[in-house]
Every structure is written in C-alpha cells, then in structure tokens.
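Beneath this line is the structure, given in structure tokens, with notes to follow.
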Amino acid sequence: MTVDTAQIIEAFKAIAAAKSLEPDEVNELIRDGIHAGLARIFGANVDTEITIDDIEGDIAMLVLKRVVENVEDPSSEISVDEARWDDPTYEIGDVMEIPVEFSEFGRNAVMAAKQRIVQLVREGERQRIRDEYSDRVGDLLSGEVQQIERGKLVLMLNRSRDAEAIIPWKEQNPRERFRQGESIRAVLKKVDETPKGPRLIFSRADPLFVAALFRLEVPEIYQGIVDIKELTREVGGRTKIAVHSRDDSIDPVGACVGLKGSRVQAVVSELGGERIDIVPWHPDPEVFARRALAPARVAKVISDPARQVITAIVDEDQLSLAIGRNGQNVRLASQLIGWQIDLYGSREWLERGEDVSLFLEDETDSYETADFPLRELSLDGATLTALSQAGYNSFLDIIDLDRADFLAVDGVSEEAAAQLLALIEDLTVIDAETAPVGEEAVAPKGEPA
C-alpha cells in the first residue's frame, strides 16, 4: 500500500508542476478527491479525516461516524450496538474512527475521486485567470494565432497558454490578415464569464489598442508624465489623439512623435499604416477645436456652450483638408472634443451674411500667443529704451509691426529692425500639431486627407 500511495502522491506532484500548483494546493486536491471517492462508498454526508505524509509517501484515511441510539443517516452515524461490536466501551455521542484502505475503493469511487480532482484543477486554473487578468483590461499582451474559426482569431497567450483568448471579427482591423502560427499583439478589452469559465476578449480595433501602443513606445506616457486625454479612431483609416504634459518642460506632442518620428512610426507600423494625428489637449473647447481639426488651419472658431456646438471657419484652401476624406477629419475632431463641429469655408461664411469683422480680426491668429515683456528678448539696451519710449513694452505690442514700422522708431537701427523681425518669426512658428514635419511624421507622403 505504501508503494501505491507514493505513486499517487508523485503523480499529483507532476500535475502540480504542470499547472504551477503549490504543494499545499496539491495535498488539498488529493484530500478533496479522496473525500469524493469515500462519499461514493459511504454516502454524501460522510465525514472524513485524510492525512498525507509527503516524506513517507503515505495516505491515511479515516471515516468518522457519530454513535447514536437510532441511525437516521448511515453515511455519518452508527448505532451504539454496532459500534460496541468493535469496542464495547463506546457510548452515545462518541465518534467512531473507521480506517479505510485503498483496496476498498471500487471503480466508481476511483472515478469519482478522479473527476473531483480534475474539476478542482480546472476551477483553480479559471480562478487564476480571473485573478491575473481582471485588472489588466487595457494592457497590451502578445501571443500566437492558434486557429481561425469563422472569422475570429483564437489565441494562445505567451503568459497563460491554457487561457481561452479570442479576437472577434468586429475587434479586428479589416486591413489586416493573420495566419495560423503568426505572432500577434492585442489589447485586452474585457473578461467574459462563460459556462466554461473566463474568456479573454482582445482587440486590435479599439482605441485602447492605440493607447496601449503609445504607452509601450513613449516612456513619458508609461511614467505618467504625459497623459492621453482623449483618443478617437476609425480603424484602418485614421486616429486622433490629444495629449497633455504634467511637466511644462516636456512637449507632449514631441514626446509622442519621437526623434525623426521614430516613436509614432512604430505605432503606425503596428497599425498597418493607419494615419495618426497627435494634438496638444486644451481645456478651452475653442482652442481644443482648432487643434483637433489639424492638419487644417482654422481661421476662426465660435462656441455655443449651451448647445455644445463649435462653429469653425477655414480659408478655402484649407476646407478640403479640414473636412478630410469622406468627412473623416471633422468627424473625428468632433468626437475628440465631444462637441458638434459645424464647419464653414470663408466664402460660404461670408455668403451667409455673417459678421465679417469676427472673421477678419482672427484671420492671422489661429493659435494662442503668450505675451511677455520685451526685456526678456535678446535685445540691446538702446533698442529696448527706444521701443519703450515709443510705447512698445510687450511682445504683443510689436507682433504686427513690419520693417518700416520699426525703422520709424527713433533709436532703432537697420540691424535692430532685422533682429526684431527675426525674433517675431521665430516666436510665431506654427505649433507642432500643424507643422509640416508633424505631418510627415504621422502620415506617408502622398496619402490624401
């Protein structure tokens, strides 16, 4: 019997190693399995005491029955008369210990023990999957395409090869095709409960997938320095992402684009060439709307907070860019800011008879410009004094002046006028979200908007 029980313990240790179970978990499985087998022999309410000796490789089994006057449940009770056949000292209320040998197990008891152990192992695996993945929704995970069933991809994950994981058809990028055995990355979208246990639903079409890729490629996002405030996507076509930096010294757009566009290009490559527009987030809906319509330059925006509607006016040469292919750009911009955007070209706006002054006054000011004292510029003292005496003390005071205006100020030389014009040009360069470099970084050349 020692040999038999030792083999049983070793067999279960092998299961433990395969299923990553702890020794205590293995022993508990053996106890539960043997208890199920004894219940098949003695009855459903049997009370047992099972001791496992890992060192000696032995298993001791006892069935416990309470001594009673009249037996109502044979599985847990024994009459006092029957108990006294074994030991005449038994009294009512005592507990009789009945040793059981493995040789007493019949086929049915063995099958019951096996089924119980298999069931417990399966339930343990399911619970481990729940515990591991319930808090990982939104994480990027990798695996292998195990098979393709009626359009859905069945995955074998690198971390949990026994987990049931799929990418349904609606969560796939229609521009992508995968074959059996190919490596794949996807974002965990949710954990579904089914009669067979937890099922992991992955996606490559959800905006979460793009966010997860940026967390992987951009250390500032992973570290929490740069936040993804808003993200909207039309899978296979275009994505717009609004980012914000918690550190004023870090440009959120530049961090996402990377040196020579390396970071965003890694994301674009994973998405199969899908176009990505990265814009800086802003709490003001009007400013945010301007940026969301990138790469188009917006001449004027008017907001209606009560209706949450933004009216955006663009020059005629920017209209097709603002609308995008099949209206995609303005549609995604609207989704990004969460407001409706009514888009007008300058000609249509004027034909409607709207206030021309509203349009003209902002025509050259598409983005915010921060004001600051002129003394913060690299100008000599004589030039600063001359400008101050003429009433020019801040950057916004001189931003619209041309060469002739500067030369008309007493004390401003030709060289100083040229320096001032160069400084104004440097400080009014279009922001990162509309600069040509940004466009080249996020979209292949020649691709229509």
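- Salt bridge present: Arg185 and Glu270 bring a charged side-chain N and a carboxylate O closer than 4.0 Å.
- No donor-acceptor distance shorter than 3.5 angstrom exists from the side chain of Arg246 to the backbone of Ile225, with no hydrogens or angles considered.
- The residues Arg238 and Asp277 are annotated as salt-bridged, a charged nitrogen and a carboxylate oxygen being separated by less than 4.0 angstrom.
- At a threshold of 4.0 Å, the pair Glu274-Arg233 counts as salt-bridged, since one of the basic side-chain nitrogens sits closer than that to a carboxylate oxygen.
- In this model, no donor atom of one side chain and acceptor atom of the other lie less than 3.5 Å apart for Ser245 and Asp247.
- With respect to the salt-bridge test (charged N to carboxylate O, under 4.0 angstrom), the residues Asp304 and Arg307 qualify.
- Qualifying side-chain contact (heavy atoms from CB on, under 4.5 Å) partners for Arg150, counting only residues two or more places apart in sequence or in other chains: none.
- Although no hydrogens or angles enter the test, the distance criterion places a donor-acceptor pair under 3.5 Å between the side chain of Lys240 and the main chain of Ala294.
- Between Arg347 and Glu316 a salt bridge is recorded (basic side-chain N to carboxylate O distance below 4.0 Å).
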Apply salt bridge (Lys or Arg N to Asp or Glu O under 4.0 Å) to Arg199 and Glu164, showing your working. CA-CA 5 Å; Arg199 174 184 292 165; Glu164 183 181 2; 2.9 Å; yes
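- Salt bridge annotation for Asp315-Arg297: absent, with no cationic side-chain nitrogen under 4.0 angstrom from a carboxylate oxygen.
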Could you go through Lys189 and Glu171, starting from their C-alpha distance and side-chain angles, then the distance that decides it, and tell me whether this counts as salt bridge (Lys or Arg N to Asp or Glu O under 4.0 Å)? CA-CA 9 Å; Lys189 186 171 182 179; Glu171 298 298 339; 2.7 Å; yes
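- Within the 3.5 Å criterion, the main-chain N or O of Gly236 finds a donor-acceptor partner in the side chain of Arg175.
- Defined by atom type and a distance below 3.5 Å, a donor-acceptor pair is missing between the side-chain atoms of Glu182 and Gln180.
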